[in-house]
Amino acid sequence: MSTLNHYLRPPTRFAWSLWLSVSVLMAVGGGLTTLAYQQYQVEAQMTVRNDKLLAMQAATIAPTASRLEQEALKRWAQLKIEREFPWPPVFLAVERVASPDIELLEFKPDKINRRIALRGEARNRKALIVYLGALAAQTGLSNVYLTHQQTVARDTLETIAFEIKATLVE
């Protein structure tokens, strides 16, 4: 009779309702899991899009200086170059080699490349060669060379116009 005992037992009233509630809970749990996964994907897409937008915005916000600001920056850069130019050694070198036979007419510094150009007139070629040698011997100057010379006649006076260039020693 042991094999038929389960037929004799009264049926439970909650068995079907228990199975039904478990299956409904599983379906709701699956649905909620699917919704959570979809929200996660949407959030990941939004994060990527937000990062792209921030990168685009950062690239377009690059500050552009106005024309006045650019001119002011340019003037400041020129002033800095002017201040950093070694005026005292240049003037000392030129003054040390002063000669009554040489008349300097123009002194042009190239502040960016640290060079100077001297234009003037010499009484004769010998005075010009002596002046050129004396300039080359100065410690503040290097690569001293004559770039141009020309004989200039004014009435009865004949002089030699010249141009000398030199690089400043740093």
**Study point:** Audit row: Leu132, Phe162, side-chain contact (heavy atoms from CB on, under 4.5 Å) steps and yes/no
**Key:** CA-CA 10 Å; Leu132 187 61; Phe162 65 87; over 6 Å; no
Practice item. Report the C-alpha separation of Arg125 and Thr151 in whole Å, then their side-chain angles, then the decisive distance to 0.1 Å, and conclude whether the side-chain contact (heavy atoms from CB on, under 4.5 Å) test is met. Key: CA-CA 9 Å; Arg125 290 194 198 290; Thr151 304; 3.5 Å; yes
Practice item. List the steps, then state whether side-chain hydrogen bond (donor to acceptor under 3.5 Å, both in side chains) holds for Gln38 with Thr34. Key: CA-CA 6 Å; Gln38 288 173 350; Thr34 304; over 6 Å; no
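Once rounded to the nearest 0.5 Å, the distance linking CG of Leu118 with CG of Leu146 reads 11.0 Å. Separating the CG atom in Leu25 from the CG atom in Leu20 is a distance of 9.5 Å, to the nearest 0.5 Å. For the atom pair Glu106 CD and Arg119 CZ, the distance stands at 4.5 Å (nearest 0.5 Å). Between the CD atom in Glu69 and the CZ atom in Arg67 there is a gap of 13.0 Å [rounded to 0.5 Å]. Taken to the nearest 0.5 Å, the CD1 atom of Ile81 stands 9.0 Å off from the NZ atom of Lys111. Atoms CG and CD1, on Asp101 and Ile160 in that order, are 11.0 Å from each other to the nearest 0.5 Å.
Using a 4.5 Å heavy-atom threshold, the side chains of Tyr145 and Leu135 count as separate. Side-chain contact between Pro86 and Arg114 is present, with heavy atoms from C-beta onward closer than 4.5 Å. For the pair Arg75/Leu79, no side-chain contact is recorded, criterion being any heavy-atom separation below 4.5 Å from C-beta on. Counting heavy atoms from C-beta outward, Met46 and Asn50 have side chains that stay 4.5 Å or more apart. Pro109 has its side chain out of reach of Val90: every pair of non-hydrogen atoms, C-beta onward, lies at least 4.5 Å apart.
Shown are Arg123, Glu103, Glu121; of these, the side chain to side chain donor-acceptor pair (under 3.5 Å) with Thr159 is made only by Glu121.
Looking at Thr167, its side chain never comes within 3.5 Å of a backbone N or O of Asn143 through a donor-acceptor pair.
Open room surrounds CD1 on Ile112; 12 or fewer heavy atoms of other groups in view lie less than 6.0 Å from it. Sparse packing is recorded around CD of Gln39, with 12 or fewer heavy atoms of other residues, nucleotides or ligands lying under 6.0 Å away.
Each of Leu141 and Val130 belongs to its own hydrophobic cluster when Ile, Leu, Val, Met, Phe, Trp and Tyr are linked at side-chain heavy-atom distances under 4.5 angstrom. At a threshold of 4.5 Å between side-chain heavy atoms, the hydrophobic network of Ile, Leu, Val, Met, Phe, Trp and Tyr places Trp87 and Leu92 in two separate groups. Under the 4.5 Å side-chain heavy-atom criterion for grouping Ile, Leu, Val, Met, Phe, Trp and Tyr, Phe91 is connected to Phe85 within one hydrophobic cluster. Val152 and Leu104 fall into different hydrophobic clusters, defined by Ile, Leu, Val, Met, Phe, Trp and Tyr side-chain heavy atoms under 4.5 Å apart, directly or through other members.
Ion pair Asp110/Arg115 not flagged as a salt bridge, since none of the NZ, NE, NH1 or NH2 atoms sits closer than 4.0 Å to an Asp/Glu carboxylate oxygen.
The heavy-atom pair separating Ser21 from Leu18 by the smallest distance is OG-O, 2.9 Å. Between Ala127 and Ile102 the shortest heavy-atom distance is O-CD1, 3.8 Å. Across all non-hydrogen atoms, the minimal contact from Ala117 to Lys165 is CB-CG, 4.1 Å.
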